[in-house]
J.: 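Can you keep this structure in mind? I'll have questions shortly.
Reminder, nothing fancy here: chain letters follow the sequence lines and each chain counts from 1. Values below: every heavy atom of this structure, side chains too, minus hydrogens, waters and symmetry copies. Note that the structure is predicted; figures quoted are calculated from it, not measured.
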Amino acid sequence: MEKPSIPQGTRDFGPAQVARRQYIFNVIRRTFETFGYAPLETPTLENLSALTGKYGDEGDQLLFKVLNSGNFLVKERRGEITPIVTAEDLDAGHKAVLPKIAEKGLRYDLTVPFARYVAMNRGTLTFPFRRYQMQPVWRADRPQRGRYREFWQCDADVVGTDSLLCEAEIVLMMAQVFNGLGLTDFTIKINHRGVLRNIYQALGSEGTETDLFVAIDKLDKIGRDGVSKELLEKGFSEPTIDTLFELLSVAGSYPEKLSRLLAGFVTAGVEPDGLRPAADSEDEGTAFYKGLNELAEVRDILQASGFTQFDRLEFDPTLARGLSYYTGCIFEVKINNVQMGSVSGGGRYDNLTGSFGLPGVSGVGFSFGVDRLYDCLESLDLFTETGETPTRVLLTHFDAASGRAALPLLAELRAAGIPAELYPDASKLQKQFKYADAKGIPLVVILGPEELAAGVAKVKILKTGEERTLPLGEVVGALTL
RNA sequence: GUAGAUAUAGCUCAGCUGGUUAGAGCGUCGGAUUGUGAUUCCGAAGGUCGUGGGUUCGAGCCCCAUUAUUUACCCCA
């Protein structure tokens with residue numbers, strides 16, 4: 001017989017796990033709704049063409065493709081058979097064959113399907129449109145710690161405004177969720193694609209932007225030497241790399257880093273996005289860089305909103321993030337006292353709906369990785385007690401007569417909203433008690449021949465061992481209290 | 001895609017330089033207690049040692065292949 005198994009990188013969730021996961025979902029959902037986001041669900045399958053090209057080359061390779069149904073090799077119409085995959089296609093390799101045999105794919109994230117939805121429903125939506133979405137996504141990645149092939153994201157996005165209030169609210173929501181889950185030691189990292197572009201410009205535009213971003217994103221992981229080595233291989237010169245590290249080494253608080261980078265960009269002669277008139281003189285004004293400026297404003301809005309956890313918010317100019325659709329602010333959150341990749345991330349995308357025929361709609365959003373949050377909470381032992389079953393009361397079963405006699409009480413309990421079950425078999429009472437104990441059911445009602453004769457029921461509280469005898473008619477009332 | 005580790009009872013793992021009938025703890029089931037759980041005591045069931053080859057008088061142990069799991073890289077939630 002074949003050993004039962006499930007595909008690599010997927011998991012079953014037992015009752016206890018589901019209860020814990022629901023707890024996480026509820027904290028997130030409550031936060032999203034508090035900020036005015038409305039729920040949305042989209043299909044598991046998307047047209048492959050809607051997914052490709054949005055996540056960079058690496059991302060495209062991680063898409064799960066779904067084979068066309070039926071005979072995907074030939075098309076038969078009125079007896080006429082034409083090949084779908086030709087010999088030339090096969091010669092050209094899998095990349096030529098793929099789009100002909102797989103037209104659908106599993107969603108890779110929730111942001112791109114959302115952009116597709118917005119473009120399709122532009123006529124009926126009221127902008128700015130805020131939506132949240134909690135659904136599984138799939139990536140054909142090699143599974144390892146904190147990485148699964150099927151995992152759940154909780155996404156909140158707002159489109160149709162480029163107000164930085166939205167960015168600030170993302171920080172507020174992130175903090176609210178982590179605080180709500182009891183995860184106190186977190187760091188929200190923030191950066192801006194504009195800052196990264198300015199850094200690239202400050203280097204005199206050597207090499208390619210992507211190579212630069214990919215390399216510096218790894219700074220905290222492989223260190224300065226590792227990044228230098230990688231950049232040298234990508235064609236950056238040594239003096240350029242020195243300039244880079246000088247820029248990246250800015251230290252201090254969030255605002256201090258901003259002003260130091262500003263000075264660095266001016267020194268390097270980076271073309272500013274404009275000039276801001278000086279406050280009281282007739283100077284030529286100070287250089288104005290959109291990225292730095294927006295980061296400063298996000299912080300101002302947070303301050304005005306009563307946000308206090310600035311020690312948890314870090315401006316990190318090395319944060320890059322791989323998803324290629326980001327254009328403005330970018331976010332990433334790490335839980336510090338546990339070894340786990342980022343548990344949340346997001347950013348602004350100016351033109352994601354453009355690829356679906358709706359240009360000029362800016363959006364910003366972020367996402368929580370539920371599975372990683374779960375792993376963090378578990379390794380930090382932060383789950384409060386969650387039972388294996390919702391059942392609160394177990395009715396015991398002695399024989400056919402007592403089992404039958406318990407049914408009215410069972411119905412009464414359920415009608416009163418108390419989750420209850422009757423042990424289905426007339427097993428030994430010992431066994432029924434063991435069952436209640438193993439499942440964490442707090443109350444056992446004993447309704448045997450003796451009790452029935454007297455018109456009473458015994459209610460036992462398992463935790464304390466306390467047992468009370470009540471008239472049958474008062475049981476539900478006593479348990480409701 | 002690249003590199004490493006692991007695979008023995010339902011679960012977690014022992015198993016000596018290759019040597020007779022492969023062990024423990026937990027869990028399960030039964031009994032002590034025929035109407036009272038979690039504690040205690042007694043007992044039982046449960047394994048073709050991932051799979052397929054090979055070396056050997058003899059393989060859970062050594063060699064080869066294969067599959068699965070897992071860790072790191074890449075990338076990401």
J.: Identify each atom pair where a protein N or O and an N or O of nucleotides 72-74 of chain B are less than 3.5 Å apart, giving names and distance.
T.:
| unit_1 | atom_1 | unit_2 | atom_2 | d |
| --- | --- | --- | --- | --- |
| B/A72 | OP2 | A/Q144 | OE1 | 3.2 |
| B/C74 | N4 | A/R147 | NH1 | 2.4 |
| B/C74 | N4 | A/R147 | NH2 | 3.1 |

J.: Write down the distance between CD (A/Q8) and P (B/G50), rounded to a whole number of angstrom.
T.: 20 Å
J.: Taking only N/O atoms, report every protein-nucleotides 38-42 of chain B pair under 3.5 Å with atom names and distance.
T.:
| unit_1 | atom_1 | unit_2 | atom_2 | d |
| --- | --- | --- | --- | --- |
| B/A38 | O4' | A/D437 | OD2 | 2.9 |

J.: Hey, could you give me each pair passing ring pair (Phe, Tyr, Trp, His ring centres under 6.0 Å) that has a residue in residues 429-463 of chain A? Not counting sequence neighbours.
T.: A/Y423-A/Y435
J.: Are side-chain N/O atoms of A/D425 and A/S427 paired as donor and acceptor at under 3.5 Å?
T.: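 Result is no, nothing qualifies.
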J.: So, is A/Q61 near the phosphate of B/G1, with a side-chain N or O under 4.0 Å from OP1 or OP2?
T.: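 Indeed not, no polar side-chain atom of A/Q61 lies that close.
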J.: Roughly how far apart are A/L447 CG and A/T396 OG1, rounded to 0.5 Å?
T.: 6.5 Å
J.: Grab the CG-C1' distance between A/D425 and B/C29 for me, whole Å please.
T.: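 Taking atom C1' of B/C29 as the reference, CG of A/D425 is at 16 Å.
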J.: If you measure from OH on A/Y23 to CD1 on A/I28, what distance do you get to the nearest 0.5 Å?
T.: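 Going from the OH atom of A/Y23 to the CD1 atom of A/I28 covers 10.5 Å.
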J.: Quickly work out the A/D60 CG to B/C76 P distance and round it to whole Å.
T.: 12 Å
J.: Step through it carefully: locate the ring centre of A/F331, locate the ring centre of A/F366, and say whether they are under 6.0 Å apart.
T.: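 Ring centres of A/F366 and A/F331 not closer than 6.0 Å.
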J.: Roughly how many Å apart are B/U55 and B/C75, using the C1' atom of each and rounding to a whole number?
T.: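 Going atom to atom, C1' in each nucleotide, I get 44 Å.
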J.: Which residues pass the salt bridge (Lys or Arg N to Asp or Glu O under 4.0 Å) test with A/E103, sequence neighbours left out?
T.: none
J.: Taking only the C1' atom of each, what is the distance from B/G60 to B/U8 in whole angstrom?
T.: 7 Å
J.: Roughly how many Å apart are B/U34 and B/G27, using the P atom of each and rounding to a whole number?
T.: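 Looking at atom P only, B/G27 and B/U34 are 23 Å apart.
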J.: Rounded to whole angstrom, note down the C1' distance from B/A5 over to B/A24.
T.: 25 Å
J.: Does A/K428 place a side-chain N or O at less than 4.0 Å from the phosphate oxygens OP1/OP2 of B/G31?
T.: yes
J.: If the P atom of B/C62 is compared with that of B/A7, how far apart are they to the nearest Å?
T.: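 One P to the other, the span is 10 Å.
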J.: Could you state the CD-C1' distance from A/E450 to B/G35, rounded to the nearest angstrom?
T.: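 So the CD-C1' distance, A/E450 to B/G35, works out to 7 Å.
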J.: Considering every strand and a 4.0 Å limit on heavy-atom distances, what is the contact class for A/S342: base, sugar-phosphate, or nothing?
T.: sugar-phosphate
J.: Return whichever of A/L429 or A/V343 has its heavy-atom-nearest nucleotide of RNA chain B closer to the 5' end.
T.: A/L429
J.: With A/N26, which residues qualify under side-chain hydrogen bond (donor to acceptor under 3.5 Å, both in side chains), at least two apart?
T.: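 Listed in chain order: A/R29.
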J.: Tell me: CE of A/M174 to P of B/A77, nearest whole Å?
T.: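 From A/M174 CE to B/A77 P: 11 Å.
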J.: Who are the salt bridge (Lys or Arg N to Asp or Glu O under 4.0 Å) partners of A/K460, not counting sequence neighbours?
T.: none
J.: ring-ring contact (aromatic ring centres under 6.0 Å, His included) with A/F13: which residues, sequence neighbours excluded?
T.: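 For A/F13, no residue satisfies ring-ring contact (aromatic ring centres under 6.0 Å, His included) once neighbours in sequence are set aside.
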J.: Whole Å only: how far is the CG atom of A/L443 from the P atom of B/G37?
T.: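 From A/L443 CG to B/G37 P: 17 Å.
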J.: Hey, is the side chain of A/E467 pairing donor to acceptor with the base of B/U36 inside 3.5 Å?
T.: yes
J.: Which part of the nucleic acid does A/T396 contact within heavy-atom distance under 4.0 Å: base, sugar-phosphate only, or nothing?
T.: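 Answer is nothing: A/T396 stays at 4.0 Å or more from every strand.
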J.: What's the gap between B/G37 and B/G47 when it is taken at their C1' atoms, as a whole Å value?
T.: 32 Å
J.: Checking all strands, does A/L373 fall into the base, sugar-phosphate, or nothing category for heavy-atom contacts under 4.0 angstrom?
T.: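 The answer is nothing, as A/L373 stays clear of every strand by at least 4.0 Å.
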J.: Which residues satisfy the salt bridge (Lys or Arg N to Asp or Glu O under 4.0 Å) test with A/R348, sequence neighbours excluded?
T.: A/E167
J.: Could I get the full list of salt bridge (Lys or Arg N to Asp or Glu O under 4.0 Å) partners for A/D399, not counting sequence neighbours?
T.: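 If we apply the salt bridge (Lys or Arg N to Asp or Glu O under 4.0 Å) test to A/D399, skipping adjacent residues, there are no hits.
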J.: Quick one: side-chain hydrogen bond (donor to acceptor under 3.5 Å, both in side chains) partners of A/E41, sequence neighbours excluded?
T.: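 Once residues adjacent in sequence are excluded, A/E41 has no partner under the side-chain hydrogen bond (donor to acceptor under 3.5 Å, both in side chains) criterion.
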J.: Taking side-chain contact (heavy atoms from CB on, under 4.5 Å) as the definition, give me every residue that meets it alongside A/A140, ordered by chain and number, with sequence neighbours left out.
T.: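 Per chain and number, A/A140 pairs via side-chain contact (heavy atoms from CB on, under 4.5 Å) with A/F64.
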J.: Would you say the ring centers of A/Y132 and A/F35 fall short of 6.0 Å from each other?
T.: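 Not under 6.0 Å, so no.
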J.: Base, sugar-phosphate, or nothing for A/Y148, non-hydrogen atoms under 4.0 angstrom?
T.: base
J.: Between B/G1 and B/C61, how far is it from one P atom to the other, in whole Å?
T.: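 Here B/G1 and B/C61 have their P atoms 30 Å from each other.
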J.: Could you summarise the pairing of RNA chain B as dot-bracket text, marking Watson-Crick and G-U pairs under 3.5 Å with ( ) or [ ] inside the strand and | across strands?
T.: (((((((..((((.....[...)))).(((((.......))))).....(((((..]....))))))))))))....
J.: Please give, in whole Å, the distance from B/G37 P to A/K458 NZ?
T.: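 Computing the A/K458:NZ to B/G37:P distance gives 13 Å.
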J.: Taking atom C1' in both B/G19 and B/A38, compute the distance separating them and give it to the nearest angstrom.
T.: 46 Å
J.: Tell whether A/E451 reaches the base of B/G35 with its side chain through a donor-acceptor pair below 3.5 angstrom.
T.: yes
J.: In whole angstrom, what separates A/R149's CZ from B/C75's P?
T.: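 The distance from CZ of A/R149 to P of B/C75 comes to 18 Å, rounded to the nearest Å.
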J.: Within the structure shown, what part of the strands sits under 4.0 Å from A/Y435 by heavy-atom distance: base, sugar-phosphate, or nothing?
T.: nothing
